[in-house]
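We count residues from 1, following the sequence as given.
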Amino acid sequence: MSGIVGLVDRGQGIEAGELANMHDQIAHRGPDGSQTWCDDAIGMGHQLLASTPEAQYDDQPVRDGALVVTADARIDNRGELLETLPVSAAETPIPDSELLLAAYREWGEQCVDHLIGAFAFAVWDGDTGTLLCARDHVGVKPLYYHRGEDVFAFASEQKCLLALSSVPQNRDETKVGDFLVGLSEDTQRTFYDAIDRLPPAHAMTVSADGIERWQYWDLDPTRTITLESDAAYERRFRELLEEAVRCRLRAPGPVGTALSGGMDSSSITVLARELLPSQVPLHTFSNVFDDAPSSDEREFIETVIDREGITPHYLFMDDVGSLVDLEDVLAHYDQPPHNTMHFARWEKAKYAADAGIDVVLGGALGDSAVGYGLGFLPELVRTGRWRRLADELRAMGEVTDAPPRHLFVRHGLSPLVPEPIKRGRKRLRGRAVLAQEANPTVDAAFADRIGLQSRYRELTAGGSVFRRSARRTQHRSLTAGTNAANFETSDLTNAAFGIETRYPFTDIRLLEFSLAIPPSQQLKDGWTRSILRRSLDDLLPEKIQWRPWKTMMNEGFWNALSREDERLRAIVDDPGPLDRYLDTTALEETYERFSDDPSSRDARALWRALSLSVWLDDSDSATSKKIPDRSVVNY
């Protein structure tokens with residue numbers, strides 16, 4: 001969670017003050033070092049969080065002849081690169097940034113094809129006058145950029161780009177519409193017309209000839225891996241997951257995990273504890289809810305932390321509202337927080353920093369990386385494998401205590417019904433569809449103005465039901481735009497407290513294997529996510545290993561939102577800038593329904609209205625924000 005900035009100005013050349021202003025916007029990302037470099041039309045900056053043992057020797061931007069590199073990167077295939085690249089032996093360990101430079105020197109723009117890890121970096125090649133920018137395969141590390149007539153700028157956070165005098169701050173109303181209906185499939189747009197995101201698994205070059213952008217990696221849903229037995233699949237999955245965790249334990253100090261009690265975070269925690277030296281403690285951080293028992297997972301968490309070498313931390317959410325530490329959040333966030341559990345993530349990062357932990361492992365993307373295997377059921381229907389279908393439905397019924405007929409309709413038949421038919425049935429019943437269904441408070445005139453209904457239909461289209469398969473279903477989940485959106489907002493939260501969260505389930509070696517194995521390894525004997533349950537049979541507590549489903553956070557979210565009732569009532573009475581985007585009558589009706597009988601749809605609509613409202617008020621009141629010093633953040 002270091003920070004990078006860069007500025008190319010082929011018109012008047014670089015003004016040191018402009019670069020310095022960009023760089024200062026993310027000073028909070030550089031507790032361990034800060035430096036800039038300029039040369040005529042190009043300038044770069046780096047803010048260092050030394051989150052790996054080698055990073056203490058980092059000196060970025062790294063300069064070697066005509067090449068200059070600035071990077072927020074953790075490279076996981078270091079051993080392979082050190083053996084392959086002509087890197088000279090050094091008295092001190094080689095930082096990842098110097099490996100990136102060596103990789104560019106060896107392979108040029110194709111260096112991204114040889115990297116595994118989480119990264120956002122830029123390489124300036126003075127010999128060719130070309131700037132290469134790249135972002136990791138899944139989008140764990142963010143990278144934003146602005147393209148002007150003579151100016152190109154990039155940064156880890158949008159506030160750096162907004163600090164440039166040449167960058168207009170007009171809002172992108174299409175992005176506002178996307179936000180209000182929970183649409184995250186567009187991986188390029190931001191809330192500002194003049195700023196874009198580099199999508200995951202993309203690289204771009206900037207030169208006198210213009211900008212070229214390309215996707216350097218994608219998962220192949222047609223690839224298959226066949227091994228000799230169930231045990232062979234289990235061994236290989238375990239090896240890959242262990243390696244993914246091991247790579248992310250590379251830290252200079254103590255490490256923690258975000259432990260919810262679900263299968264993903266529990267798997268990471270037990271593996272991390274197994275891989276760490278016995279004398280090194282593993283810290284766990286868990287949100288718990290006394291006043292929301294249906295969202296509380298202590299009965300599962302306790303089965304994990306009840307083992308030697310784990311130092312547990314419980315974070316009680318009972319008095320925390322959805323807009324916790326609002327002033328600090330607005331100072332760090334360049335967009336309205338979208339995740340309904342934002343408050344819990346913010347509190348967890350704050351607590352981890354207070355405990356002296358710099359690196360935390362999280363279970364994000366686990367659902368998709370392991371795969372529930374439910375896409376196997378419509379595949380069995382479509383291909384006529386009725387006996388196997390009946391066996392799985394019967395077994396699932398025993399596991400979930402649900403009638404096989406119900407499971408057949410919901411998971412076997414429904415996914416094969418074309419979306420236009422489903423929407424037609426809803427319309428005949430007088431129900432809303434698409435964006436109107438996602439958020440009934442969106443103003444119809446605004447939706448028409450930005451074409452929200454058609455945009456929602458296009459970006460959520462699932463493709464032909466005749467080509468639908470378990471692998472394609474998992475592929476869609478793995479490449480969904482919401483993944484990058486979640487990583488980007490988590491990055492802002494982590495940056496506020498000087499910690500780095502790492503996600504073992506984003507390891508591309510694990511993703512490629514999981515997508516290519518037979519779907520029968522994911523749904524087996526009625527158990528979803530079977531490959532994970534079986535692979536960690538010796539480590540996972542039985543109570544977690546054989547959980548049919550995960551705990552829902554609805555009650556915890558509703559309670560946190562209810563604690564913002566004064567703010568909610570205020571925007572219902574006076575929507576202010578929301579009046580341009582929302583139907584005020586529908587907003588009030590939604591508020592009244594939520595107060596009387598909460599539902600997830602109404603709660604999400606109110607949370608988005610509240611989040612957007614405070615962000616609009618803040619961005620309208622100031623053109624720049626001062627980041628509070630970490631030393632004065634109230635822990």
Side-chain angles (χ1 to χ4, degrees), residues 218-238 240-241 262-264 267 365-419 422 460-480 483 505 510-537 545-550:
D218 193 9
L219 287 162
D220 182 0
T222 66
R223 176 172 172 260
T224 62
I225 290 177
T226 304
L227 301 181
E228 65 272 16
S229 64
D230 288 347
Y233 287 111
E234 294 162 16
R235 284 193 301 271
R236 185 56 180 152
F237 184 90
R238 171 74 170 260
L240 290 169
L241 184 55
M263 285 186 62
D264 300 325
S267 298
L365 205 66
D367 285 353
S368 303
V370 177
Y372 276 80
L374 292 173
F376 190 35
L377 297 177
E379 182 177 321
L380 292 174
V381 173
R382 187 172 55 81
T383 56
R385 288 177 278 176
W386 304 110
R387 177 170 293 183
R388 179 61 190 273
L389 175 66
D391 290 344
E392 283 298 342
L393 290 172
R394 190 180 304 111
M396 281 186 68
E398 294 174 359
V399 168
T400 62
D401 195 25
R405 180 187 296 271
H406 168 76
L407 296 171
F408 172 62
V409 172
R410 180 177 180 182
H411 299 296
L413 282 184
S414 182
L416 295 176
V417 178
E419 289 301 320
K422 291 181 181 179
T460 59
S464 170
V465 296
F466 301 108
R467 298 182 65 237
R468 198 159 294 174
S469 66
R471 284 199 179 96
R472 291 189 183 278
T473 299
Q474 187 183 5
H475 179 269
R476 181 173 175 80
S477 178
L478 284 168
T479 57
N483 299 328
F505 286 110
L510 181 68
L511 298 184
E512 290 172 344
F513 177 79
S514 178
L515 185 63
I517 63 177
S520 57
Q521 291 296 321
Q522 296 163 334
L523 179 63
K524 191 175 186 63
D525 299 326
W527 289 99
T528 60
R529 320 192 76 205
S530 175
I531 187 69
L532 179 61
R533 299 178 196 272
R534 293 180 282 120
S535 296
L536 297 184
D537 180 67
Q545 182 184 11
W546 302 114
R547 293 183 65 176
W549 302 108
K550 62 170 63 179

Distance (rounded to the nearest 0.5 Å) between [X] [atom1] and [Y] [atom2]:
X	Y	atom1	atom2	answer
L365	N483	CG	CG	5.0 Å
L393	L377	CG	CG	5.5 Å
M396	L523	CE	CG	6.0 Å
L219	L511	CG	CG	6.0 Å
E379	L416	CD	CG	10.0 Å
F237	L510	CZ	CG	5.0 Å

Check your understanding: Under the criterion side-chain contact (heavy atoms from CB on, under 4.5 Å), which of R236, Q521, R238 is the partner of I531?
Key -> Q521
Beyond-backbone contact of [X] with [Y], side-chain heavy atoms, under 4.5 angstrom:
X	Y	answer
L536	Q545	no
F376	V381	no
E512	L240	no
F408	L413	yes

Donor-acceptor pair, side chain of [X] and main chain of [Y], under 3.5 angstrom:
X	Y	value
Y233	L227	yes
R382	R468	yes
H475	L515	no
R471	I517	yes
R385	L380	no

Exercise for review: Can you label the angle between the W549 ring and the H411 ring as parallel, tilted or perpendicular, going by 30° and 60°?
Suggested key: parallel
Exercise for review: Hey, could you give me each pair passing salt bridge (charged side-chain N to carboxylate O under 4.0 Å, His left out) that has a residue in residues 520-536? Not counting sequence neighbours.
Suggested key: D230-K524, E234-R534, D264-R529, D367-R529
Which pair of non-hydrogen atoms, one from [X] and one from [Y], has the smallest distance, and what is that distance?
X	Y	result
L532	M263	CD2-CE, 3.7 Å
P548	V399	CG-O, 3.9 Å
T473	G375	OG1-CA, 4.3 Å

Check your understanding: So, Q474 and S514: side-chain donor and acceptor under 3.5 Å apart, yes or no?
Key -> yes
Review point. With sequence neighbours excluded, what pairs up with S477 under the side-chain hydrogen bond (donor to acceptor under 3.5 Å, both in side chains) test?
Key: S368
Check your understanding: Who pairs with R223 by side-chain hydrogen bond (donor to acceptor under 3.5 Å, both in side chains), at least two apart in sequence or on another chain?
Key -> none
Point to revise | R394 with E398: basic N within carboxylate O range, under 4.0 Å | key: no
